[in-house]
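Input: a single structure, listed below in structure tokens.
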Amino acid sequence: MAKFVINGGKKLTGRVKVSGAKNSALKLMAASILATGKTVLENVPQIEDVQTMAQVLRTLGARVELDQEKGAVEIETGGIRSFEAPYQLVRKMRASILVAGPLLSRFGKVKVAVPGGCNIGSRQIDLHLKGFEVMGTESFLEHGYVHARIKNGIGKLSGALIDLDFPSRGATENIMMAACLAKGKTVINNAAKEPEIVDLANFLISMGADIEGAGRDCINIKGTGTLKGASYRVMADSIEAGTFITAGAIWGRDVTVEGALAHNMEIFLTKLKEIGIDIEVSKDKVRVSRGEGPFRSVHVSTLPYPGFPTDLQPIMAVLLATIPGISIITENVFENRFMYVDELNRMGANIKIDGHHAIIRGVESFSGAPVTACDLRAGAALVLAGLKAEGLTEVVDIFHIQRGYECFDEKLSKIGANIMKVD
Ligand code: UD1
């Protein structure tokens, strides 16, 4: 099993470039199911989750070619003859369920494994299914799979008014894609507003979809007869950018994160400034230094966009664990997203969990230790802790990190970290 071995203490300096957004690329790949002809995506990150989504599409019968060097993916979905997202792929990557909306919209049926819980909490798909139901599908659960099809097996999905109980990203995306080839107009109220939703909408529009309002509470989609494959460049990854910016804030002398889109991460950057981290923002880069302080503890509450992103919560916790005073993190999106805390405490952090709050008392330094990555962002957080720790930190189970970060160790090495991947 591969692991990262980090020799902490070397201050970070230099420039690092952000890759394409995982949480956009995966959805655009799923959306290609809606189109006739060829879809070409650029700036696709070379990560495990992209490989998994390629596998999902191939399982359906699509042709998928990944050009690792160029970071491009070419997809043709004319050969789709299967409508099943199998359990072995869904359990590996929950985003596999995003093929459901496009399959229902274009082919009228889908069989998708119910994802179940994961290391950050229970992750239901009830909102996705409720949306599909209002649009005219019937579904049943059997042997761990949801089988859904258009009522009576004929015709198309129908446009509908859908009020989401919670602005779920996945449900917004699945329903928005389903609505593209439906009859009539769909309105999604209380929609998720993340920049990746806008990226998906822009891609669908480039294929011929009629969508208005993405990025706001209410999205309107008018169904069209067909969509045509298009070429599209995936937006930059704000969570990856936030990870490198935080690395600079924890242990950086002068780090420039190229491709960081500050307007997509305003609350996060505001928090860093409140702490007293030196931040300089320009059009598509953020320059960061830990500086000399004084540093102030802060409180952080995760919320759907434009709130503080839950994906940066474990990463922010590492920074706050180095800031004098008491900081409190409140996790409002996933109920189980503090699994990394025990590992971080083994490195000398002082964090106590009380329900969905983490009470963090800042410490001077961490001490290197063998630790286990329990999920993608938690794994990245432990690596960041290792950069500041005295001595050696070994992070195992790094397959979690490789699911979502392209060349994480290489990029950190480039800005001066002493990190090695050992197989
Ligand atoms: C996406 C991101 C993930 C991020 C999360 C929240 C991808 C591939 N993943 O996940 O990195 O952490 O957004 O920003 O884009 N919920 C329900 N019923 C549903 C759907 C969701 O109860 O049908 C709940 C979930 O259990 C969770 C919350 O809503 O507590 C947020 O989920 P959602 O926004 O759907 O996240 P994902 O799209 O799964």
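Just so it is clear, the values below take in all heavy atoms, side chains as well, and ignore hydrogens, waters and symmetry mates.
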Could you tell me whether the side chain of [X] and the main chain of [Y] form a donor-acceptor pair under 3.5 Å?
| X | Y | answer |
| --- | --- | --- |
| Glu406 | Pro45 | no |
| Ser327 | Leu320 | no |
| Ser168 | Ala171 | yes |
| Lys273 | Leu269 | no |
| Asp284 | Ala260 | no |
| Arg361 | Lys352 | no |
| Thr310 | Thr302 | no |
| Ser297 | Ile326 | yes |
| Asn174 | Gly101 | yes |

Checklist line | Side chains of His400 and Asp375, donor plus acceptor under 3.5 Å | finding: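 Their side chains do not contain a donor-acceptor pair, so the 3.5 Å distance test is not met.
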
Notebook entry, point to check: With a 3.5 Å cut-off and no angle check, do the side chains of Ser24 and Glu196 form a donor-acceptor pair?
Noted result: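 Their side chains do not contain a donor-acceptor pair, so the 3.5 Å distance test is not met.
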
Give me each pair satisfying ring-ring contact (aromatic ring centres under 6.0 Å, His included) with a member in [range], each pair once, sequence neighbours excluded.
| range | value |
| --- | --- |
| residues 279-308 | none |
| residues 351-396 | none |
| residues 232-260 | Phe203-Tyr232, Phe244-Phe408 |

Note to self: Quick test of your reading: applying salt bridge (charged side-chain N to carboxylate O under 4.0 Å, His left out), list the pairs with at least one residue in residues 228-243, sequence neighbours left out, ordered by first then second residue.
What the structure shows: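 Listed by first then second residue: Glu240-Lys411.
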
Margin query: Under the salt bridge (charged side-chain N to carboxylate O under 4.0 Å, His left out) definition, can you give me all pairs with a residue in residues 244-258, not counting sequence neighbours?
Written below: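 Output for this query lists Arg15-Glu258, Asp254-Arg287.
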
Can you see which heavy atom on [X] is nearest to which on [Y], and at what distance?
| X | Y | answer |
| --- | --- | --- |
| Asn336 | Met339 | O-CG, 3.4 Å |
| Leu26 | Met93 | CD1-SD, 3.9 Å |
| Ile360 | Ala321 | CG2-CA, 3.5 Å |
| Ile239 | Pro309 | CD1-CB, 4.1 Å |
| Leu12 | Val255 | O-CG2, 3.7 Å |
| Tyr145 | Ala85 | CE2-O, 3.7 Å |

Distance, nearest 0.5 Å, that separates [atom1] of [X] from [atom2] of [Y]:
| X | Y | atom1 | atom2 | result |
| --- | --- | --- | --- | --- |
| Thr13 | Lys414 | OG1 | NZ | 12.0 Å |
| Leu387 | Ile415 | CG | CD1 | 8.0 Å |
| Leu127 | Asp163 | CG | CG | 11.5 Å |
| Gln402 | Gln46 | CD | CD | 13.5 Å |
| Met1 | Asp423 | CE | CG | 11.0 Å |
| Asp397 | Cys374 | CG | SG | 9.5 Å |

Notebook entry, point to check: Does any non-hydrogen side-chain atom of Ser301 lie less than 4.5 Å from one of Asn332?
Noted result: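 Heavy-atom side-chain distance check passes, below 4.5 Å.
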
Notebook entry, point to check: Between Ile351 and Ile359, is any pair of side-chain heavy atoms under 4.5 Å apart?
Noted result: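 No; the side chains remain at least 4.5 Å from each other.
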
Item checked: Contacts of Phe107 that satisfy ring pair (Phe, Tyr, Trp, His ring centres under 6.0 Å) - sequence neighbours left out ->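 Phe107: ring pair (Phe, Tyr, Trp, His ring centres under 6.0 Å) contacts with Phe83.
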
Does [X] come within less than 4.0 Å of [Y], counting only side-chain N to carboxylate O?
| X | Y | answer |
| --- | --- | --- |
| Arg403 | Asp49 | yes |
| Lys130 | Glu133 | no |
| Glu331 | Arg337 | no |

Note to self: If you count heavy atoms of other groups shown closer than 6.0 angstrom to CD of Gln88, is the number above 12?
What the structure shows: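 More than 12 within 6.0 Å, yes.
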
Checklist line | Flag if over 12 foreign heavy atoms under 6.0 Å of NZ, Lys11 | finding: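 Result for NZ/Lys11: enclosed.
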
Going by atom type alone, with no hydrogens or angles, which donor-acceptor pairs under 3.5 Å involve a side-chain atom of residues 30-43 and a protein atom two or more places apart or on another chain?
| residue | atom | partner | partner atom | Å |
| --- | --- | --- | --- | --- |
| Ser32 | OG | Met29 | O | 2.6 |
| Thr36 | OG1 | Leu227 | O | 3.3 |
| Asn43 | ND2 | Val234 | O | 2.9 |

For residues 51-58, which side-chain N or O atoms pair as donor and acceptor with protein atoms under 3.5 Å away, sequence neighbours left out?
| residue | atom | partner | partner atom | Å |
| --- | --- | --- | --- | --- |
| Thr52 | OG1 | Glu48 | O | 3.1 |
| Arg58 | NE | Val64 | O | 3.4 |
| Arg58 | NH2 | Val64 | O | 2.9 |

Margin query: Could you go through Leu312 and Thr243, starting from their C-alpha distance and side-chain angles, then the distance that decides it, and tell me whether this counts as side-chain contact (heavy atoms from CB on, under 4.5 Å)?
Written below: CA-CA 7 Å; Leu312 285 177; Thr243 305; 4.2 Å; yes

Note to self: Enumerate the side chain to side chain donor-acceptor pair (under 3.5 Å) contacts for residues 213-222, please, sequence neighbours excluded, ordered by first and then second residue.
What the structure shows: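 Every side chain to side chain donor-acceptor pair (under 3.5 Å) pair that includes a residue of residues 213-222, provided the two are not neighbours, is Lys193-Asp217, Glu212-Arg216, Glu212-Asn220.
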
Margin query: Going by side chain to side chain donor-acceptor pair (under 3.5 Å), name the pairs with one or both residues in residues 381-394, residues two or more places apart or in two chains.
Written below: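 Qualifying pairs: Lys3-Glu394, Ser365-Glu390.
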
Note to self: Please determine whether side-chain contact (heavy atoms from CB on, under 4.5 Å) holds for the pair Leu382 and Val318, giving the CA-CA distance in whole Å, both sets of side-chain angles, and the decisive distance to 0.1 Å.
What the structure shows: CA-CA 8 Å; Leu382 293 171; Val318 178; over 6 Å; no

Checklist line | Criterion side-chain contact (heavy atoms from CB on, under 4.5 Å) on Ile6 and Met420, from CA distance to verdict | finding: CA-CA 6 Å; Ile6 305 138; Met420 221 175 28; over 6 Å; no

Next item on the list: Just jot down the salt bridge (charged side-chain N to carboxylate O under 4.0 Å, His left out) partners of Lys92, sequence neighbours excluded, or say none.
Entry: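 With sequence neighbours excluded, Lys92 shows a salt bridge (charged side-chain N to carboxylate O under 4.0 Å, His left out) to no residue whatsoever.
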
Margin query: According to salt bridge (charged side-chain N to carboxylate O under 4.0 Å, His left out), who are the partners of Glu274, at least two apart in sequence or on a separate chain?
Written below: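 Result, salt bridge (charged side-chain N to carboxylate O under 4.0 Å, His left out) vs Glu274: Lys271.
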
Note to self: Determine whether Thr77 and Arg63 satisfy the following criterion, side chain to side chain donor-acceptor pair (under 3.5 Å), listing intermediate values before the conclusion.
What the structure shows: CA-CA 6 Å; Thr77 57; Arg63 181 181 69 79; over 6 Å; no

Note to self: One pair to check against side-chain contact (heavy atoms from CB on, under 4.5 Å): Leu200 and Thr172. What are the steps and the verdict?
What the structure shows: CA-CA 11 Å; Leu200 174 60; Thr172 302; over 6 Å; no

Note to self: Quick check with a 6.0 Å cut-off and a 45 degree axis cone: is Lys421 positioned over the face of Phe4's six-membered ring?
What the structure shows: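 So Lys421 doesn't make the cation-pi contact.
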
Checklist line | Ser289 and Asp278: CA distance, side-chain angles, deciding distance, side chain to side chain donor-acceptor pair (under 3.5 Å) verdict | finding: CA-CA 5 Å; Ser289 284; Asp278 293 338; 5.2 Å; no

